Amino acid sequence: SQKIEQNSEALNIQEGKTATLTCNYTNYSPAYLQWYRQDPGRGPVFLLLIRENEKEKRKERLKVTFDTTLKQSLFHITASQPADSATYLCALDPSSNTGKLIFGQGTTLQVKP
Amino acid sequence: GAVVSQHPSWVICKSGTSVKIECRSLDFQATTMFWYRQFPKQSLMLMATSNEGSKATYEQGVEKDKFLINHASLTLSTLTVTSAHPEDSSFYICSAVTPRGIQETQYFGPGTRLLVL
């Protein structure tokens with residue numbers, strides 16, 4: 001069966017450390033994968049998109065990797081801040097051309113001061 | 001970045017009534033919008049694809065007669081939950097794709113919290 005999984009357990013880290021979140025998928029061959037941030041009671045906010053031919057992508061303190069062999073994407077936040085506390089969702093488009101996104105269940109990150 | 005709004009932000013209604021939720025792209029035209037639903041502690045689940053000028057396409061298990069979608073203009077899609085029941089209580093979120101294309105980012109609205117009593 002097709003699945004996209006994120007660690008459902010909350011991730012608690014100390015301010016200044018690097019947070020690493022994992023997204024694994026099975027039985028998909030997406031052309032790209034996206035990461036979103038969702039705050040409680042709000043809609044998702046787009047962070048990064050990484051294509052299948054890209055190994056790594058960076059945006060300020062954020063870094064995403066995409067390993068199509070392992071079927072895994074890692075999302076890193078360096079020098080984390082309490083304001084980074086939120087739920088982070090990975091998403092993919094199974095058909096790669098319809099825009100219909102399948103989301104993981106999200107990982108909640110808590111950065112402690 | 002592109003802005004998508006939703007109205008209302010929250011609504012409480014009695015069982016059996018119908019509720020309309022609006023999704024607007026404020027600074028771009030969106031030929032395609034999507035409607036998602038999110039239950040507490042769960043992820044977003046795609047309900048349907050709203051296409052301007054044509055019928056919406058629904059995901060498996062979503063009742064098209066219960067969740068009516070109208071995409072009458074390039075900036076507005078509406079979702080009507082007909083004869084709402086308590087199990088329809090959820091967080092409804094729309095997204096819009098910019099004219100640059102499907103593989104570009106989707107911009108999500110802030111969501112509408114529906115509570116059916």
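Within every chain, numbering begins at 1; the chains are lettered A, B, ... in the order of the sequence lines, protein sequences first and strands thereafter. Quick caveat, the model's predicted, so the values are computed rather than measured.
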For the rings on F108(B) and Y36(A), is their centre-to-centre separation under 6.0 Å? yes
Checked L46(B), I93(B), L44(B) vs chain A; the most non-hydrogen pairs under 4.5 Å come from L44(B)
Comparing K41(B), Q6(B), R113(B), Q38(B) against chain A, the one with the most heavy-atom pairs below 4.5 Å turns out to be Q38(B)
Are [Y] and [X] co-members of a hydrophobic cluster defined by side-chain heavy atoms under 4.5 Å apart?
X	Y	answer
L62(A)	Y88(A)	yes
I13(A)	V64(A)	yes
V62(B)	W35(B)	yes
L11(A)	F75(A)	yes
L101(A)	I4(A)	no

Are more than 12 heavy atoms, taken from residues, nucleotides or ligands other than E60(A), located less than 6.0 Å from that residue's CD atom? no
Decide if atom CD of Q14(A) counts as having more than 12 heavy atoms of other residues, nucleotides or ligands within a radius under 6.0 Å. yes
List the atom of Q105(A), the atom of S43(B), and the distance in Å for their closest heavy-atom pair. CA-CB, 3.5 Å
For residues K100(A) and F34(B), report the shortest heavy-atom separation together with the two atoms involved. CG-CE2, 3.9 Å
Side chain, backbone, both or neither: which part of E59(B) has a non-hydrogen atom closer than 4.5 Å to chain A? side chain
Where does Q38(A) contact chain B at under 4.5 Å (heavy atoms): side chain, backbone, both or neither? side chain
Chain B contact via I102(A) - which portion, at a heavy-atom distance below 4.5 Å: neither
Measure the CD-CG distance between Q106(B) and L49(A) for me, rounded to the nearest 0.5 Å. 10.5 Å
